[in-house]
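Quick note: numbers below take in every heavy atom, side chains included, and nothing from hydrogens, waters or symmetry partners. Predicted model, so just to flag it, every value in this text is computed and none were measured. Index from 1, following the sequence.
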Amino acid sequence: MLKPVPLYIGLRYVAARRRQQFISFINGFSLLGMALGVMALIVVTSVMNGFDRELKTRILSVVPHGFVERAGGLEDWQGIARSLRQQPHVEAASPFVKGFALLGAGGSSHGVEFQGVDPVALRDVSTVGEHMVSGSLDALQPRSYNIVLGRILARQLNAIVGDSVVLTLPEVVVTPAGIFPRTKRFTVAGIFSVGAQVDQGVALVNIEDAARLLRMPGKVQGLQLRFDDMNNALGRVPTYAEGLGEGFSGEDWSQSQGSLFQAVKMEKTVVTLMLMIIVAVAAFNIVSALVLMVADKRSDIAVLRTLGLTSRQIMSVFVVQGSAIGIIGAVSGAVIGTLIAFNLTEMVSWVENLLGAKIFDPRVFFVSFLPSEFRTADAVIVLTAAILMSLLATLFPAWRASQIQPAEALRYE
């Protein structure tokens with residue numbers, strides 16, 4: 001016989017159907033469960049990768065890749081900006097002043113981060129000007145006290161272009177009439193929509209107006225940086241800030257926006273572990289199928305032992321059988337999952353067109369479609385984990401089979 005005996009017999013047992021309808025059903029159920037588990041894992045991880053990509057693309061197209069600040073503010077920010085633009089991978093620098101306040105209009109109010117920006121320099125580090133729904137960034141002129149709001153924030157305040165909103169700072173002013181919070185009335189000059197969390201919590205004003213509100217006239221708080229690639233900002237911004245001298249500090253987008261992306265990463269990890277239970281259940285089904293198979297094949301095992309097969313070879317027979325079920329199911333699921341992951345966005349769009357309804361309402365969700373990004377590394381990890389669990393599931397039943405004694409098995413045959 002040219003084929004290795006354990007491999008030949010194990011594969012024959014996988015395909016056998018005679019007098020084993022129930023065992024064959026369990027084998028098929030195990031294979032189907034393994035395929036569904038692997039398919040679901042690949043599709044879900046691709047969707048999570050797609051959401052991560054969309055959030056990074058949308059947020060980091062508006063939010064700068066890095067910030068450099070100095071305690072007490074900067075006066076000669078133009079010279080600092082020239083120095084930073086000479087650093088590797090830095091493409092642009094723009095001054096900013098920022099603070100937190102309560103923005104109110106029409107009886108409702110919301111906490112916001114207001115950013116004082118130069119509307120001309122801002123275009124070099126942010127694409128927010130390309131996402132204006134109404135109005136223009138050019139309206140943010142010095143002493144105009146105009147303000148540009150995100151779309152969701154404007155809707156929450158029920159404000160449109162031309163309306164007045166009141167900015168209340170977290171500090172008070174002592175007057176002969178009493179203690180009052182510092183407030184300033186602004187006119188809504190524009191509304192932008194990025195399709196991310198920025199739409200809900202950011203308001204833009206002119207940098208001179210913001211500096212005057214924060215009592216630092218003639219200064220800026222720091223510089224916003226844009227790199228040729230957002231990944232090139234990681235770890236470099238603090239180094240560049242330290243090179244500017246004492247008192248400078250810097251952070252990149254992984255620090256300023258890190259909590260959001262860490263939350264997405266954690267969610268992906270938790271969902272993956274939960275869906276891995278499906279694969280584990282399929283592996284337990286393999287154990288059940290092999291235990292029943294061993295009980296049914298006791299006489300065959302005894303005959304094979306009398307013909308010269310060792311305990312190790314008997315064990316290999318059932319390891320081959322169980323592993324074949326797991327590998328076939330895992331590979332089938334990986335192929336189907338990969339095909340779905342590559343075409344998921346189009347499939348969901350087709351379903352939406354067929355039903356005439358949007359699954360992800362753009363008025364509610366930041367991302368109004370189902371993104372998908374297939375990554376080979378994720379698929380390899382899922383496939384490897386499924387095959388390893390299948391292999392481990394075969395060890396105990398195969399060991400039990402190797403312990404069967406020929407004389408005991410054939411006593412009543």
What heavy-atom pair brings [X] and [Y] nearest, and what distance separates the two atoms?
X: Ala398; Y: Met315; value: CB-O, 3.4 Å
X: Ile191; Y: Ala154; value: CD1-CB, 3.8 Å
X: Gly337; Y: Val43; value: O-CG2, 3.8 Å
X: Val220; Y: Pro95; value: CG1-CB, 3.9 Å
X: Met34; Y: Ala330; value: CG-N, 3.6 Å
X: Gln221; Y: Val97; value: N-CG2, 3.6 Å

Test your reading of the model: is there a side-chain donor-acceptor pair from [X] to the backbone of [Y], 3.5 Å cut-off?
X: Trp77; Y: Gly222; result: no
X: Ser372; Y: Ala341; result: yes
X: Asn49; Y: Thr45; result: yes
X: His65; Y: Ala233; result: no
X: Arg151; Y: Ser193; result: no
X: Asp209; Y: Tyr145; result: yes
X: Asn146; Y: Ala189; result: no
X: Asp252; Y: Gly235; result: yes

Pairwise distance [atom1]([X]) to [atom2]([Y]) - rounded to 0.5 angstrom:
X: Leu31; Y: Ile286; atom1: CG; atom2: CD1; result: 8.0 Å
X: Leu275; Y: Ile42; atom1: CG; atom2: CD1; result: 11.5 Å
X: Trp399; Y: Leu395; atom1: CH2; atom2: CG; result: 12.0 Å
X: Leu32; Y: Ser332; atom1: CG; atom2: OG; result: 10.0 Å
X: Leu214; Y: Leu169; atom1: CG; atom2: CG; result: 6.5 Å
X: Asn343; Y: Trp350; atom1: CG; atom2: CH2; result: 13.5 Å

Take atom [atom1] in [X]; do more than 12 heavy atoms of anything else shown fall under 6.0 Å from it?
X: Glu246; atom1: CD; answer: no
X: Ile160; atom1: CD1; answer: no
X: Glu267; atom1: CD; answer: no
X: Asn231; atom1: CG; answer: yes

List the atom pairs, donor and acceptor, that lie under 3.5 Å between side-chain atoms in residues 99-109 and the rest of the protein, sequence neighbours left out.
unit_1 : atom_1 : unit_2 : atom_2 : d
Ser108 : OG     : Ala105 : O      : 3.1
Ser108 : OG     : Gln156 : O      : 3.4

With sequence neighbours excluded, give me every salt bridge (Lys or Arg N to Asp or Glu O under 4.0 Å) pair touching [range].
range: residues 32-52; answer: Asp52-Lys56
range: residues 375-403; answer: Lys268-Asp378, Glu373-Arg375
range: residues 136-146; answer: Arg123-Asp138

So do [Y] and [X] actually touch side chain to side chain, heavy atoms under 4.5 Å?
X: Gln115; Y: Val205; value: no
X: Arg226; Y: Asp124; value: no
X: Ile327; Y: Ser390; value: no
X: Thr187; Y: Ile147; value: no
X: Pro397; Y: Phe318; value: no
X: Thr168; Y: Lys184; value: no
X: Val202; Y: Val112; value: no
X: Phe192; Y: Asp199; value: yes

Lys98 to Phe114 six-membered ring, cation-pi geometry met (6.0 Å, 45°):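 No cation-pi geometry.
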Side chain to side chain contact (heavy atoms under 4.5 Å, CB included) for Leu140 and Val117? Distances and angles first, verdict last. CA-CA 8 Å; Leu140 299 180; Val117 297; 4.3 Å; yes
Using residues 80-92 as the side-chain source, report each donor-acceptor pair under 3.5 Å to any protein atom, sequence neighbours left out, with the distance given to one decimal.
unit_1 : atom_1 : unit_2 : atom_2 : d
Ser83  : OG     : Gly79  : O      : 3.2
His89  : ND1    : Asp228 : OD2    : 3.0
His89  : ND1    : Asn232 : ND2    : 3.4

Given side chain to side chain contact (heavy atoms under 4.5 Å, CB included), test Leu122 with Leu204 step by step and report yes or no. CA-CA 11 Å; Leu122 182 65; Leu204 305 177; 4.3 Å; yes
Centres of the Phe248 and Tyr240 rings: under 6.0 Å?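 No, the ring of Phe248 stays outside the 6.0 Å limit from the ring of Tyr240, centre to centre.
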Can you name the side-chain hydrogen bond (donor to acceptor under 3.5 Å, both in side chains) partners of Glu251, sequence neighbours left out?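 Expected list: none.
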Evaluate side chain to side chain contact (heavy atoms under 4.5 Å, CB included) for Leu167 paired with Leu213, printing each intermediate quantity in order. CA-CA 10 Å; Leu167 191 74; Leu213 281 174; 3.8 Å; yes
May I have the step-by-step check of side chain to side chain contact (heavy atoms under 4.5 Å, CB included) for Thr394 and Leu391, ending in yes or no? CA-CA 5 Å; Thr394 65; Leu391 179 61; 4.2 Å; yes
